[in-house]
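The structure under discussion appears below in the form of structure tokens.
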Amino acid sequence: MLMDIIKARHSIRKYTKDQISREDLDTILEAGNFAPNAGGGQRSMMVAVHNSEMAAHLGRMNLARFNRANLSGSYVSAEQPSVIDNPTMKNGFYDAPTVVCIFCQDDFLFKVADAFCIAENMILQATELGIASCIISRGEETFDSAEGKALCKEWGVPENYT
């Protein structure tokens, strides 16, 4: 049951080009919508990118803003290497064909905790559906640029969210 799903979940950084179904994506997003959050305010916003070309573009944008000087670790996995393990990687989202970006209110004290609750619900749901996933906790760097801010505006992300 739930414990089996928790035990089965692993961070996957090697993806096929196969796109997940819209139905599965909707189920994963629904799980994120039902995540616990501080004060029950539901202040976070998810944007699903269900387009492999756009997801790859976001992944390249992410690595363009990635500062390796802030790394505290130097090794993640031989089987599922990270950008920490392999500095030649060009896509910070590991060529996943679908990416879900979680945006949170800037001035909210519990925004990081809320985002991780949403992400955890989504990756557990993905695991139950047999879909590989990985939480990328440096995602906000992707949108800390003129192009990133323009995408946020296009997607309807409020200006006070990152």
Side-chain angles (χ1 to χ4, degrees), residues 4-33 35 44-104 111-112 114-157 161-162:
D4 294 330
I5 295 167
I6 291 169
K7 290 177 180 179
R9 197 219 66 80
H10 294 89
S11 292
I12 301 299
R13 296 179 199 87
K14 292 181 180 179
Y15 296 95
T16 67
K17 298 203 180 293
D18 297 337
Q19 186 57 271
I20 66 172
S21 72
R22 180 59 197 235
E23 181 182 2
D24 285 347
L25 176 58
D26 288 344
T27 301
I28 291 166
L29 293 170
E30 182 180 13
N33 276 328
S44 302
M45 176 181 176
M46 295 176 290
V47 174
V49 178
H50 195 228
N51 174 294
S52 58
E53 290 83 19
M54 179 55 119
H57 182 71
L58 290 175
R60 289 187 299 275
M61 285 173 58
N62 175 265
L63 273 189
R65 311 281 304 170
F66 184 46
N67 182 356
R68 293 182 179 284
N70 294 332
L71 293 176
S72 60
S74 60
Y75 182 75
V76 175
S77 170
E79 296 80 30
Q80 295 289 327
S82 162
V83 296
I84 293 169
D85 303 323
N86 183 350
T88 66
M89 288 183 175
K90 303 294 183 213
N91 184 326
F93 299 150
Y94 305 104
D95 295 316
T98 297
V99 172
V100 178
C101 305
I102 303 168
F103 295 93
C104 301
K111 70 180 186 174
V112 173
D114 282 359
F116 273 98
C117 286
I118 291 168
E120 180 74 5
N121 270 24
M122 288 192 302
I123 64 171
L124 291 175
Q125 182 60 68
T127 301
E128 182 181 57
L129 294 170
I131 298 170
S133 63
C134 186
I135 295 174
I136 308 298
S137 60
R138 62 177 190 283
E140 74 183 71
E141 295 171 0
T142 306
F143 301 97
D144 190 21
S145 67
E147 181 180 13
K149 290 177 187 352
L151 282 172
C152 286
K153 186 173 183 176
E154 179 183 327
W155 293 340
V157 177
Y161 276 54
T162 53

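For this chain, numbers begin at 1 and follow the sequence in order. Scope of the values below: all heavy atoms of this structure, side chains included, with no hydrogens, waters or symmetry mates.
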Notebook entry, point to check: Any Lys/Arg nitrogen of Asp144 or Lys149 sitting under 4.0 Å from an Asp/Glu carboxylate oxygen of the other?
Noted result: yes
So which atom in [X] and which in [Y] form the shortest heavy-atom distance, rounded to 0.1 Å?
{"X": "Leu63", "Y": "Asn91", "value": "CD1-N, 3.5 Å"}
{"X": "Ala115", "Y": "Ile102", "value": "O-CD1, 3.6 Å"}
{"X": "Gly92", "Y": "Asn62", "value": "CA-OD1, 3.6 Å"}
{"X": "Pro97", "Y": "Ala55", "value": "O-CB, 3.9 Å"}
{"X": "Lys14", "Y": "Pro81", "value": "CE-CD, 3.6 Å"}
{"X": "Ala119", "Y": "Ile135", "value": "CB-CD1, 3.8 Å"}

Note to self: Could you check whether any side-chain N or O of Arg13 sits under 3.5 Å from a backbone N or O of Gln80, counting only pairs where one atom can act as donor and the other as acceptor?
What the structure shows: yes
Next item on the list: For His50 and Gln19, indicate whether the former's side chain and the latter's backbone hold a donor-acceptor pair under 3.5 Å.
Entry: no
For the residue pair [X] and [Y], establish whether any side-chain heavy-atom pair is separated by less than 4.5 Å.
{"X": "Val100", "Y": "Leu29", "answer": "yes"}
{"X": "Asp24", "Y": "Gln125", "answer": "no"}
{"X": "Arg65", "Y": "Ser145", "answer": "yes"}
{"X": "Thr98", "Y": "Asn51", "answer": "no"}
{"X": "Ile118", "Y": "Ser44", "answer": "yes"}
{"X": "Phe103", "Y": "Cys152", "answer": "yes"}
{"X": "Lys111", "Y": "Thr162", "answer": "yes"}

Notebook entry, point to check: Considering residues at least two apart in sequence or located in another chain, which fulfil the ring-ring contact (aromatic ring centres under 6.0 Å, His included) criterion with Phe93?
Noted result: none
Note to self: Run the ring-ring contact (aromatic ring centres under 6.0 Å, His included) test against Tyr94 and tell me which residues pass, sequence neighbours left out.
What the structure shows: none
Next item on the list: Answer with yes or no after comparing the ring centroid distance for Phe143 and Trp155 against a 6.0 Å cut-off, counting only values under it.
Entry: yes
Notebook entry, point to check: Taking it one step at a time, do Ser52 and Tyr15 satisfy side chain to side chain contact (heavy atoms under 4.5 Å, CB included)?
Noted result: CA-CA 11 Å; Ser52 58; Tyr15 296 95; over 6 Å; no
Notebook entry, point to check: When you look at Leu151 and Met54, which way does the side chain to side chain contact (heavy atoms under 4.5 Å, CB included) test go after all the steps?
Noted result: CA-CA 11 Å; Leu151 282 172; Met54 179 55 119; 3.6 Å; yes
Notebook entry, point to check: Does the side chain of His10 pick up a donor-acceptor pair with the side chain of Glu79 at under 3.5 Å?
Noted result: no
